[in-house]
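What follows is a set of notes on a single structure, which appears directly below.
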Amino acid sequence: MGATQQIYNKLYHCYGSQGWWPADTVFEMMIGAILVQRTNWSNVEKALCQLTPYLSPEQLEALPMEELEVAIRSSGFYRQKAKRIKAFLHWYKKYDYQLAHLRHVETETLRAELLSIHGIGAETANVLLLYAFQRPVFVVDAYARRIFARFGLDMPEKEQVFRLQVETECVLDTEGFKEFHALIVQHAKEHCKMKPICSGCPLVDECERRGV
DNA sequence: CTCCAGGAGC
DNA sequence: GCTCCTGGAG
């Protein structure tokens with residue numbers, strides 16, 4: 001078994017099923033994916049709460065930029081994020097804001113389209129592919145890099161190389177990759193912080209920083 | 001009060 | 001490698 005599959009198994013065994021992403025609708029999930037860029041989830045929750053009356057593509061499209069900025073202020077970088085949300089909506093409108101209209105699009109094609117949207121980078125594209133468009137992709141984020149590096153894996157700097165490595169090695173379907181990302185977030189928050197809390201960590205045996 | 005965690009674009 | 005920002009921790 002590959003090392004990345006081992007990490008998944010151990011995290012799953014320790015923390016159990018996570019049931020991500022936390023959102024009532026797919027559209028709310030999409031907006032959350034942009035808001036959470038370089039931000040903690042509690043700040044995103046406050047922003048989503050302010051956006052509650054506008055959580056449909058049509059209403060967000062109609063919402064003036066200034067009002068959108070005020071509403072999402074708590075998520076940080078609110079000026080860029082307001083533009084990014086509008087840019088995403090502009091793209092999504094080509095598909096009549098219909099998830100079903102994207103179902104037949106190849107994953108790689110869809111990824112390229114998402115990456116062409118101003119403000120959607122590799123990580124946000126993967127999060128959207130996984131949780132909104134139900135594609136089996138591994139989300140490369142700061143947490144995954146940290147956890148995998150401490151596990152002793154040599155980490156490709158390039159996102160695509162890292163992602164393909166995990167996707168090839170792990171036998172997971174879409175639901176499995178959703179769990180994997182959620183488990184990585186959970187583990188990073190509970191144990192594998194910048195300053196790690198190694199007591200009770202499910203990965204201590206393999207970790208390079210064991211006992212720190 | 002200062003500091004820190006957290007993606008993307010230029 | 002710098003800029004964009006907040007809320008919570010220290």
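Numbered from 1 within each chain, the chains take letters A, B, ... in sequence-line order. Just so it is clear, the model here is predicted, and its values are computed rather than measured. All values below were derived from every heavy atom in this structure, side-chain atoms included, with hydrogens, water molecules and symmetry-related copies excluded.
Straight-line distance from the NZ atom of K158(A) to the P atom of dA8(B): 14 Å, rounded to whole Å. Rounded to whole Å, the distance from CZ on F88(A) to P on dG9(B) is 14 Å. Summarising the geometry, the separation between CG on N40(A) and P on dC4(B) is reported as 16 Å, rounded to the nearest angstrom. One can place CE of M194(A) at 16 Å from C1' of dG8(C), the figure rounded to the nearest angstrom. Rounded to whole Å, atom P of dG8(C) lies 23 Å from atom NZ of K195(A). Distance K83(A) NZ to dT3(C) P: 17 Å, rounded to the nearest Å. For L114(A) and dG9(B), the CG to P distance is 12 Å, given to the nearest whole Å. Distance CD (Q50(A)) to P (dT6(C)): 14 Å, rounded to an integer number of Å.
The aromatic rings of H191(A) and Y15(A) are tilted relative to each other, their planes meeting at an angle between 30° and 60°. A perpendicular orientation is assigned to the rings of W20(A) and H181(A), their planes being inclined by more than 60° (bins at 30° and 60°).
For F180(A), the ring-ring contact (aromatic ring centres under 6.0 Å, His included) partners are Y8(A), F138(A), not counting sequence neighbours. Under the side chain to side chain donor-acceptor pair (under 3.5 Å) criterion, R111(A) pairs with E108(A), N126(A), sequence neighbours left out. In this view, Q160(A) satisfies the side chain to side chain donor-acceptor pair (under 3.5 Å) rule with no residue, not counting sequence neighbours. Scanning for side chain to side chain donor-acceptor pair (under 3.5 Å) contacts around W41(A) gives an empty result, with sequence neighbours left out.
A donor-acceptor distance shorter than 3.5 angstrom exists from the side chain of Q37(A) to the backbone of G119(A), with no hydrogens or angles considered.
When the side-chain nitrogen and oxygen atoms of Q80(A) are compared with OP1 and OP2 of dC5(C), one or more of them lie within a distance under 4.0 Å. Between R79(A) and dC5(C) there is a side-chain polar atom (N or O) within less than 4.0 angstrom of OP1 or OP2. Between R38(A) and dA8(B) there is no side-chain polar atom (N or O) within less than 4.0 angstrom of OP1 or OP2.
The closest side-chain heavy-atom distance from T174(A) to V137(A) is not below 4.5 Å. W21(A) places a side-chain heavy atom less than 4.5 Å from the side chain of V127(A).
Base engagement by F77(A) is indicated by at least one non-hydrogen atom pair under 4.0 Å involving a base atom. If you check every strand for non-hydrogen atoms under 4.0 Å, K46(A) touches sugar and phosphate atoms only. The residue T39(A) sits close to a base: some heavy atom pair falls under 4.0 Å.
Within residues 141-150 of chain A, the residues having any heavy atom under 4.0 Å from DNA chain B are, by residue number, A142(A), Y143(A), R146(A). For the contact set between residues 115-136 of chain A and DNA chain B, defined by any heavy atom under 4.0 Å, the members are I117(A), H118(A), G119(A), I120(A), G121(A), A122(A), E123(A), T124(A).
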